Chemist: 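Before anything else, here's the structure in question.
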Amino acid sequence: MFQLPRGTRDFTSEEMVKRRYVEENIASTFKSFGYGEIQTPTFEMLELFKAKSGDSIIDEIYAFSDKGDRELALRPELTAPVIRFYVEKMQMEPKPLKLFYFGNCFRYDRPQKGRYREFWQAGCEIIGTNTPEAYAELVAMAYTILKKVGLKNIQLNIGNLDIINSTLTKLGLSKDDQKELLPLIDKSQFDDIFSLLTNLNITNECAKEFCDILQTADINKIKKFIQGDTSAMDELSNLEKLLDLLKNSFNIKDFKIKMSIVRGLDYYKGLVFEIDAPFLGAEKQLCGGGAYDLVTLFGGRETPTAGFAVGFDRTILALDIEKFAFPSLKTDVYIIPVSEEMIGKSIELSQNLRNEGISIDLDLLRRGIGKSLKYANSKNVKKVIIIGPKELENDSVTLRDMKAGNQEVVKIADIVSKLKIN
RNA sequence: GCCCGGGUAGUGUAGCCUGGUAACAUAUGGGACUGUGGAUCCUCUGUGGCGGGUUCAAAUCCCGCCUCGGGCCCCA
């Protein structure tokens with residue numbers, strides 16, 4: 001027996017029905033916002049991911065050399081490939097450029113529930129605009145995607161890195177001190193933040209105010225703290241506009257301002273947001289996004305970019321936890337030939353019906369009617385056609401409704417219209 | 001990479017502590033039923049994650065590995 005590689009999964013037909021349903025649902029939401037789908041390769045030059053995330057990334061991805069000694073990597077995420085694609089071939093496209101994608105990614109992590117070595121992401125990038133309305137639309141779209149697939153319990157949190165950086169500057173912290181502080185902020189350990197700040201000779205009053213800002217939903221408090229930093233003030237007024245549009249125009253009201261959202265890497269800037277499924281435990285983040293600058297890092301002409309990624313597997317998990325009723329795959333009709341002599345006629349009919357767009361399965365085991373009906377039932381088939389010599393004499397067959405449990409004799413010529421009505 | 005808990009037919013479980021014939025349910029195939037399903041009955045097939053140790057004897061005790069799950073680290 002062979003084993004699956006650690007952190008990978010097989011998907012049954014039933015699971016694939018769910019996954020395709022969610023995937024198509026997400027794609028249609030992207031399209032409804034004017035986004036176009038793109039696809040990039042499953043593996044890229046290793047250099048691309050090193051450029052984005054630093055050399056240490058190698059430990060956490062599937063990196064290898066091919067037979068021509070090229071250093072390659074299975075993609076650990078999709079933003080870098082998409083921006084590479086943009087810089088290479090799409091810089092002259094009309095702006096704003098709206099791109100979405102769906103694909104598998106690979107990370108060399110310790111697997112857990114909601115965390116696999118091969119996982120799927122859906123995501124998008126909007127390139128060439130940074131207006132509050134563009135970013136409000138981006139956040140609204142992320143939220144809409146998760147709502148439209150059927151999730152009830154999700155939490156949208158919105159922050160801003162420029163503003164939080166401005167507060168750190170205001171506190172007069174060195175880069176090293178900031179490095180120590182950021183993980184605590186990320187984990188919302190406010191007591192630890194307070195004691196660290198006071199140890200760094202920041203006044204109690206100031207440290208308290210800072211902790212307050214991390215937890216507040218009151219823009220004015222933040223405004224007071226960063227007064228004098230004009231670029232941060234601009235950013236804050238844009239955030240205010242964004243939130244206003246989200247609330248009053250997109251009609252999305254259940255979000256939180258969360259200034260404690262931080263990101264480790266320097267190419268992030270400005271807007272950041274996350275969407276969590278609170279019941280998912282340690283791996284609860286479904287979606288993360290914001291504004292960033294990778295275009296110049298990859299050698300393109302400077303232009304604003306923002307985007308987000310949705311963890312597809314976690315979305316399915318969250319739907320399962322919420323006991324979401326996924327549509328199930330059903331074959332329309334099952335055909336039962338009552339004897340061996342009826343097989344040819346049955347196949348002929350099944351082909352005719354398939355050409356009419358009706359999905360057909362038929363008995364391939366020469367089983368009796370009883371067993372065949374049982375099989376059809378276990379496969380959730382809606383209708384069964386029984387073909388036997390008695391009816392065939394009158395160019396008819398028996399059409400049985402599995403749900404209602406009744407049946408009637410129908411002329412073969414009338415079958416299609418009969419099936420299409422119901 | 002760290003700590004903790006699991007792994008027994010396809011699936012769900014019992015037995016493990018206290019070593020001694022691997023069991024139950026369900027599902028699958030065949031049949032009772034020769035032209036009518038979700039019921040019932042019969043029947044076939046199928047089971048200890050892998051490796052080592054202790055022992056007359058290991059599903060059971062010990063060790064290592066693999067793997068799943070909970071919590072960390074990380075989360076680009």
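Atom set for the values below is all heavy atoms of this structure, side chains included, hydrogens, waters and symmetry mates excluded. A note on names: the letters A, B, ... follow the listed sequences, proteins ahead of strands, and every chain is numbered from 1. Note that this is a predicted model, so its numbers are computed, not measured.
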Chemist: Which part of the nucleic acid, if any, lies within reach of A:Gly311 when heavy atoms closer than 4.0 Å are counted: base, sugar-phosphate only, or nothing?
Modeler: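 Answer is nothing: A:Gly311 stays at 4.0 Å or more from every strand.
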Chemist: Is it true that atom NZ of A:Lys411 has more than 12 heavy atoms of other residues, nucleotides or ligands lying nearer than 6.0 Å?
Modeler: yes
Chemist: Using a 3.5 Å cut-off and no angle test, enumerate the donor-acceptor pairs between side-chain atoms of residues 371-380 of chain A and protein atoms at least two apart in sequence or in another chain.
Modeler:
residue, atom, partner, partner atom, Å
A:Ser372, OG, A:Gly368, O, 3.2
A:Ser378, OG, A:Tyr375, O, 2.8

Chemist: So A:Tyr268, base contact, sugar-phosphate only, or nothing? Heavy-atom distance under 4.0 Å.
Modeler: sugar-phosphate
Chemist: Roughly how far apart, to the nearest Å, are B:rA57 and B:rG1 at atom C1'?
Modeler: 40 Å
Chemist: Can you check each nucleotide of nucleotides 29-42 of chain B against protein heavy atoms at under 4.0 Å and return B for base, S for sugar-phosphate only, - for none, in 5' to 3' order?
Modeler: SSB---BBBB----
Chemist: Indicate the atoms forming the closest heavy-atom contact of A:Glu125 with A:Thr79, along with that distance.
Modeler: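 In this case the closest contact between A:Glu125 and A:Thr79 is OE2-OG1, 3.4 Å.
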Chemist: Using a heavy-atom cut-off of 4.0 Å across all strands, would you classify A:Ile336 as base, sugar-phosphate, or nothing?
Modeler: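 If one applies the 4.0 Å heavy-atom cut-off, A:Ile336 turns out to touch nothing in the nucleic acid.
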Chemist: I'd like the P distance from B:rC3 over to B:rC24, given in whole Å.
Modeler: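 Result for the P pair: 41 Å, nearest Å.
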Chemist: Does a salt bridge link A:Asp332 with A:Lys382, judged by any charged N lying under 4.0 Å from a carboxylate O?
Modeler: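 A salt bridge links A:Asp332 with A:Lys382.
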Chemist: When the C1' atoms of B:rA14 and B:rG71 are compared, how many Å lie between them, rounded to an integer?
Modeler: 30 Å
Chemist: N/O contacts under 3.5 Å, protein versus nucleotides 2-8 of chain B?
Modeler:
residue, atom, partner, partner atom, Å
B:rC2, N4, A:Arg110, NE, 3.2

Chemist: When you compare the side chains of A:Asp229 and A:Ser166, does any donor N or O come within less than 3.5 Å of an acceptor on the partner?
Modeler: yes
Chemist: Mapping A:Glu77 and A:Pro5 to their closest nucleotides on RNA chain B, which lands nearer the 5' end?
Modeler: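 With A:Glu77 and A:Pro5 compared, the 5'-side residue is A:Pro5.
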Chemist: Could you tell me how far B:rU11 sits from B:rU54 if I compare only their P atoms? Round to whole Å.
Modeler: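 Taking atom P in both B:rU54 and B:rU11, they lie 34 Å apart.
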Chemist: Taking the six-membered ring for Trp and the single ring otherwise, decide whether the centroids of A:Phe100 and A:Tyr35 are under 6.0 Å apart.
Modeler: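 Aromatic pair excluded; centres sit 6.0 Å or further apart.
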Chemist: Using only atom types and a distance under 3.5 Å, with no angle test, would you say the side chain of A:Arg70 pairs donor to acceptor with the backbone of A:Leu46?
Modeler: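 The answer is no, because no donor-acceptor pair under 3.5 Å joins these two groups.
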Chemist: Are A:Glu15 and A:Lys18 close enough for a salt bridge, meaning some N to O gap below 4.0 Å?
Modeler: no
Chemist: Between A:Lys269 and A:Glu235, does any side-chain N to carboxylate O distance fall below 4.0 Å?
Modeler: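 No, no charged N to carboxylate O under 4.0 Å.
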Chemist: Any protein N or O atoms within reach of nucleotides 73-75 of chain B? Criterion: under 3.5 Å, listing atom names and distances.
Modeler:
residue, atom, partner, partner atom, Å
B:rC73, OP1, A:Lys187, NZ, 2.9
B:rC73, N4, A:Arg115, NH1, 2.7
B:rC74, O2', A:Glu60, OE1, 2.9
B:rC74, O2, A:Arg115, NH2, 2.3
B:rC74, N3, A:Arg115, NH1, 3.3
B:rC74, N3, A:Arg115, NH2, 2.9
B:rC75, O2', A:Arg107, NH1, 3.2

Chemist: B:rA27 and B:rU45: how far apart are their C1' atoms, nearest whole angstrom?
Modeler: 13 Å
Chemist: What I want to check is whether the side chains of A:Tyr86 and A:Glu93 have a donor and an acceptor closer together than 3.5 Å.
Modeler: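 No.
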Chemist: Whole angstrom is fine here: how far is it from CZ in A:Arg117 over to P in B:rC66?
Modeler: 10 Å
Chemist: Does A:Lys170 NZ have over 12 foreign heavy atoms under 6.0 Å away?
Modeler: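 It does: A:Lys170 NZ has more than 12 such atoms within range.
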Chemist: What's the OH-C1' distance between A:Tyr116 and B:rG69, to the nearest Å?
Modeler: 10 Å
Chemist: With distance as the sole test, does A:Arg117 use its side chain to make a donor-acceptor pair with the main-chain N or O of A:Asp109 at under 3.5 Å?
Modeler: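 Yes; judged by distance alone, with no hydrogens or angles, the pair exists.
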Chemist: If we take the P atom in both B:rA59 and B:rC17, what is their distance in whole Å?
Modeler: 12 Å
Chemist: For atom P, what is the distance between B:rU21 and B:rG10, given to the nearest Å?
Modeler: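 Per the computed distance, 22 Å lies between those P atoms.
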Chemist: Return all side-chain donor-acceptor pairs below 3.5 angstrom for residues 298-317 of chain A, not counting sequence neighbours, or 'none' if the list is empty.
Modeler:
residue, atom, partner, partner atom, Å
A:Thr305, OG1, A:Tyr292, O, 2.6
A:Asp313, OD1, A:Arg9, NH1, 3.1
A:Asp313, OD1, A:Arg9, NH2, 2.8
A:Asp313, OD1, A:Arg19, NH1, 3.2
A:Asp313, OD1, A:Arg19, NH2, 3.1
A:Asp313, OD2, A:Trp120, N, 2.8
A:Arg314, NE, A:Gly114, O, 2.7
A:Arg314, NH1, A:Gln285, O, 3.0
A:Arg314, NH2, A:Gly114, O, 3.3
A:Arg314, NH2, A:Glu283, OE1, 2.8
A:Thr315, OG1, A:Gly311, O, 2.7

Chemist: Do A:Asp320 and A:Phe326 have side-chain heavy atoms sitting under 4.5 Å apart?
Modeler: yes
Chemist: Looking only at heavy atoms, what is the nearest atom pair of A:Ile219 and A:Leu243, with distance?
Modeler: CD1-CD1, 4.1 Å
Chemist: Could you tell me how far B:rU40 sits from B:rC4 if I compare only their C1' atoms? Round to whole Å.
Modeler: 48 Å
Chemist: Reading RNA chain B 5' to 3', what string of ( ), [ ], | and . shows its pairs, if Watson-Crick and G-U wobble pairs count only when both distances fall under 3.5 Å?
Modeler: ((((((((.[[[[.)....(..]]]]..((((.......)))).....[[[[[..)....]]]]])))))))....
Chemist: Quick check on RNA chain B: between A:Leu280 and A:Pro111, whose nearest nucleotide comes earlier from the 5' end?
Modeler: A:Pro111
